[in-house]
Amino acid sequence: MSEEWGPWIEHDGGPRPVKPGTFCHLIYQDGEEFIGPIGLGYYGTEAGSPDEPWGGWCPIVRYRVRRPRAL
């Protein structure tokens with residue numbers, strides 16, 4: 001069964017783009033992806049180096065939300 005997703009939404013890399021618990025497909029600035037529920041205080045993925053320009057965290061630059069399954 002294939003997942004149904006909403007449209008891609010560009011994000012400025014700021015705080016979490018949706019409410020905690022929302023099931024999303026995230027794209028980070030470094031190209032990494034995550035598919036799953038957003039947690040509390042979740043803003044991005046840890047970057048590979050503390051010398052990264054975003055201070056050790058990689059910002060979310062694009063996301064889409066999974067649509068609820070039909071009953």
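Predicted model only: the values in this text are computed from it and were never measured.
- For Arg67, there are no side-chain hydrogen bond (donor to acceptor under 3.5 Å, both in side chains) partners, not counting sequence neighbours.
- Linking Ile, Leu, Val, Met, Phe, Trp and Tyr whenever their side-chain heavy atoms come within less than 4.5 Å leaves Val65 and Ile27 in two separate clusters.
- With contacts defined as side-chain heavy-atom distances shorter than 4.5 Å, the pair Trp5/Phe23 qualifies.
- Of the inter-residue distances, the one linking His25 atom NE2 with Glu33 atom CD reads 3.5 Å to the nearest 0.5 angstrom.
- We find the CZ-CG distance between Arg62 and Leu26 to be 11.0 Å, quoted to the nearest 0.5 Å.
- If you run side-chain contact (heavy atoms from CB on, under 4.5 Å) between Cys24 and each of Ile38, Ile35, Ile9, only Ile38 comes through.
- Taking the side-chain hydrogen bond (donor to acceptor under 3.5 Å, both in side chains) definition, one finds that His11 meets it with nothing, sequence neighbours left out.
- Linking ILVMFWY residues whenever their side-chain heavy atoms come closer than 4.5 Å, directly or via other members, leaves Tyr28 and Val61 in distinct clusters.
- A pairwise comparison of heavy atoms in Pro37 and Gly21 identifies CB-O, 3.9 Å as the closest pair.
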